[in-house]
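Everything below concerns the one structure shown next.
In the text below, chain A, chain B and the rest are named by the order of the sequence lines, each starting its count at 1.
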Number of protein chains: 2
Amino acid sequence: MQIPLHLAISEQLRNQITSGEFQPGEQLPSEHQIMVQFEVSRITARRAIANLVNQGLVFSQQGKGVFVKEQRKVTYSLSSPMIFFEADMLRQGVRSAIHNLIFKPVSPPSPIRQTLQLTANHANQREVYLQKKLLLLDEIPVAIDITYILADLGKRYANELKQQMTFPTLEQNGIAIDRVTATLACTRADPETSEYLDVPLGEPLMVYCYTAYTDTDQPIVTGEALSRGDRLTYSVEIRKRD
Amino acid sequence: MQIPLHLAISEQLRNQITSGEFQPGEQLPSEHQIMVQFEVSRITARRAIANLVNQGLVFSQQGKGVFVKEQRKVTYSLSSPMIFFEADMLRQGVRSAIHNLIFKPVSPPSPIRQTLQLTANHANQREVYLQKKLLLLDEIPVAIDITYILADLGKRYANELKQQMTFPTLEQNGIAIDRVTATLACTRADPETSEYLDVPLGEPLMVYCYTAYTDTDQPIVTGEALSRGDRLTYSVEIRKRD
DNA sequence: AAGTGGTCTAGACCACTGA
DNA sequence: CAGTGGTCTAGACCACTTC
């Protein structure tokens with residue numbers, strides 16, 4: 001067995017997709033049709049389709065069929081995230097919305113405590129607000145954001161924070177963010193995240209971890225955003241240091 | 001059927017992994033053991049394992065078994081990619097190496113021509129060098145990079161470019177890079193990439209697309225790097241504009 | 001030789017969709 | 001109702017690893 005049957009089949013279908021023979025949104029042959037056309041068992045036909053799903057090329061809907069994915073991504077600019085987010089989205093022809101899931105004072109876990117440079121003396125106080133929010137683009141959940149913000153800021157701007165992105169809210173209230181350190185990585189959806197973002201288990205996600213500092217080098221916000229890899233792209237401009 | 005059997009099983013195993021009951025590198029129960037323990041058919045046992053593979057938690061080796069993945073990632077700094085790459089890797093305790101796959105003059109495809117601001121008159125000339133190279137960290141292929149560089153630079157520094165990263169090579173030769181525009185996104189391994197990077201089909205990858213400009217705003221290099229999402233993290237520092 | 005995972009078959013029942 | 005995909009079973013053969 002040089003090349004598995006299911007792979008040969010999924011490769012042929014894949015070519016038909018990338019060559020445009022199957023257009024985005026179009027329906028693929030049904031499992032039954034594949035069984036007949038390639039003279040294989042249903043399991044093998046299903047396996048071939050699973051390969052395509054796993055490559056992010058198609059998705060399946062029970063009772064309806066298998067369809068070619070649209071590949072439209074929205075770009076999120078890291079270099080000017082402060083004020084222009086909504087405008088940026090509109091420019092890309094996308095309606096954005098935020099659903100607040102959790103907003104409450106908590107005693108932060110140790111690594112958060114460290115990045116926010118909180119001293120240990122107040123260990124039992126509610127020194128930060130924890131916010132979980134869902135970012136919707138065109139009514140589709142695209143990212144889930146978990147933010148820790150210093151308690152006085154969280155308390156003061158609670159209402160605004162629940163309805164907007166964090167950085168713009170701070171900027172609008174005169175809290176200047178001087179720099180943001182961030183990392184970008186990749187994971188796969190676990191069952192909980194797959195619920196929130198309405199994606200299958202294991203779907204590739206991007207992880208954007210950030211910490212924002214004032215001009216006195218005081219960290220005020222840290223958190224991470226899990227976003228759907230098939231819907232979001234991050235852009236950044238790097239300038240040479242002097 | 002509220003919750004599928006295969007999911008229930010994979011969830012239980014997942015808990016045992018995240019709780020540390022199964023350590024990284026440790027072997028999971030075999031398909032046969034799962035069949036007996038949960039009283040399911042082999043297909044269902046396999047499906048449960050497939051769920052875990054798909055979440056990036058385990059990997060399987062024919063004839064040996066299923067093992068918990070190590071989760072060690074290396075950080076690549078976008079803010080100082082110029083000179084410090086090798087030093088950065090060493091600091092993280094990682095041996096880095098580069099395998100040159102392709103290095104040749106080509107007539108660039110239209111989108112590349114545009115980003116490099118090449119005029120159409122020379123359409124049939126070999127105005128750029130195309131380089132494909134593999135980045136190995138600890139002898140493991142981690143990223144595949146496809147670079148287009150202006151022909152005179154490519155020709156002049158051919159030997160160095162084949163052995164080092166692109167940006168450091170240019171810096172060392174006095175070609176100052178003033179700024180880099182980049183995007184970071186997510187895809188999944190297609191069959192070709194899965195060969196190069198030695199990962200299963202559909203493995204999440206990061207896509208780093210970049211264009212470098214001189215201080216006269218002349219683009220000199222553009223390209224994209226496909227990296228293994230389970231091995232590489234990108235870091236960046238964003239400073240407020242004035 | 002024994003144990004592991006990889007591929008494949010035939011067949012059953014269920015859940016959902018749409019005419 | 002027919003057609004679709006989702007779950008599950010029992011059983012076969014193969015390829016690879018380890019002893």
Side-chain angles (χ1 to χ4, degrees), chain A residues 1-13 17 22 25-69 189 191 194-195 198-203, chain B residues 1-13 17 22 25-69 189 191 194-195 198-203:
Chain A
M1 167 166 328
Q2 263 288 28
I3 181 164
L5 245 180
H6 63 84
L7 227 188
I9 296 172
S10 66
E11 274 301 81
Q12 176 167 337
L13 292 170
I17 293 172
F22 291 119
E26 202 176 331
Q27 184 165 6
L28 244 60
S30 72
E31 294 179 353
H32 184 71
Q33 286 173 305
I34 291 177
M35 288 171 65
V36 176
Q37 181 182 347
F38 295 93
E39 294 179 315
V40 294
S41 72
R42 192 178 164 209
I43 283 195
T44 305
R46 281 180 65 73
R47 180 79 188 271
I49 292 174
N51 287 341
L52 298 174
V53 172
N54 197 31
Q55 285 171 79
L57 294 170
V58 305
F59 64 94
S60 58
Q61 284 185 16
Q62 192 173 26
K64 296 173 98 171
V66 178
F67 304 87
V68 180
K69 262 200 195 179
S194 100
E195 277 290 323
D198 189 28
V199 293
L201 250 191
E203 178 84 2
Chain B
M1 167 167 327
Q2 263 288 28
I3 181 162
L5 245 181
H6 63 83
L7 228 187
I9 296 173
S10 65
E11 275 299 82
Q12 176 167 337
L13 292 170
I17 293 172
F22 292 120
E26 202 176 330
Q27 185 166 4
L28 245 59
S30 72
E31 293 178 354
H32 184 71
Q33 285 173 304
I34 292 177
M35 287 171 65
V36 175
Q37 181 181 344
F38 295 93
E39 295 180 313
V40 295
S41 73
R42 191 177 165 212
I43 282 194
T44 305
R46 281 179 65 72
R47 181 77 189 273
I49 292 174
N51 287 342
L52 298 174
V53 172
N54 197 33
Q55 285 171 80
L57 295 171
V58 305
F59 63 95
S60 58
Q61 283 184 20
Q62 192 172 26
K64 295 173 101 172
V66 178
F67 304 87
V68 179
K69 263 201 195 177
S194 101
E195 278 290 323
D198 189 29
V199 293
L201 250 192
E203 178 83 1

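No more than 12 heavy atoms of other residues, nucleotides or ligands sit less than 6.0 Å from atom CD of B/Glu195. A 6.0 Å sphere centred on CD of A/Glu26 holds more than 12 heavy atoms belonging to other residues, nucleotides or ligands.
The separation between A/Ile3 atom CD1 and D/dC14 atom C1' is 17 Å, rounded to whole Å. Rounding to whole angstrom units, CG of residue A/Leu201 and P of D/dT7 are separated by 11 Å. If you measure from atom CD of A/Glu31 to atom P of C/dA15, you get 17 Å, rounded to the nearest angstrom. D/dG11 atom P lies 15 Å from atom CD1 of A/Ile43, rounded to whole Å. In this structure, B/Arg42 atom CZ and C/dT7 atom P are separated by 10 Å, rounded to whole Å. For the pair B/Gln27 CD and C/dG3 C1', the interatomic distance rounds to 10 Å; values are reported in whole Å. Atom pair A/Met35:CE and D/dG5:C1' shows a separation of 13 Å (rounding to whole Å applied). Separating the CD atom of A/Gln62 from the P atom of C/dC14 is a distance of 14 Å, rounded to the nearest angstrom.
Contact annotation: side chain of B/Arg47 to base of D/dG6, donor-acceptor pair absent below 3.5 Å.
The B/Thr44 side chain lies nearest to D/dC8 when the options are C/dC8, D/dC8, D/dG5. Of the candidate nucleotides C/dG5, D/dC8, C/dC8, C/dC8 has the atom nearest to the side chain of A/Leu5. Minimum atom distance to the side chain of A/Arg46 is reached by D/dG6, of the listed D/dC8, D/dG6, C/dT4. Proximity note for A/Ser41 (side chain, C-beta onward) versus C/dC8, D/dT18, C/dG6: the nearest is C/dC8. Residue A/Val66 places its side chain closer to D/dG5 than to any other of D/dT9, D/dG5, C/dT7. Checking C/dC8, D/dT9, C/dC13 against every side-chain atom of A/Pro4, the shortest atom distance belongs to C/dC8. Closest contact between the side chain of B/Ser30 and the listed nucleotides D/dG5, C/dC8, C/dT4 involves C/dT4. With C/dG5, D/dG6, D/dT18 as the choices, the nucleotide that has an atom nearest any side-chain atom of B/Lys64 turns out to be D/dT18.
Each of A/His32 and B/Gly63 has a nearest nucleotide on DNA chain D; the 5'-most of these lies closest to A/His32.
Using a 4.5 Å cut-off on side-chain heavy atoms (C-beta onward), B/Leu7 and A/Leu201 make contact.
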Notebook entry, point to check: Run the side-chain contact (heavy atoms from CB on, under 4.5 Å) check on B/Leu52 and B/Val66 step by step: do they pass?
Noted result: CA-CA 10 Å; B/Leu52 298 174; B/Val66 178; over 6 Å; no

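The side chain of B/Ser60 places no N or O atom within less than 4.0 Å of a non-bridging phosphate oxygen (OP1 or OP2) of C/dT4.
Taken from NZ in A/Lys69 to CD1 in A/Ile17, the straight-line distance is 11.5 Å, to the nearest 0.5 Å.
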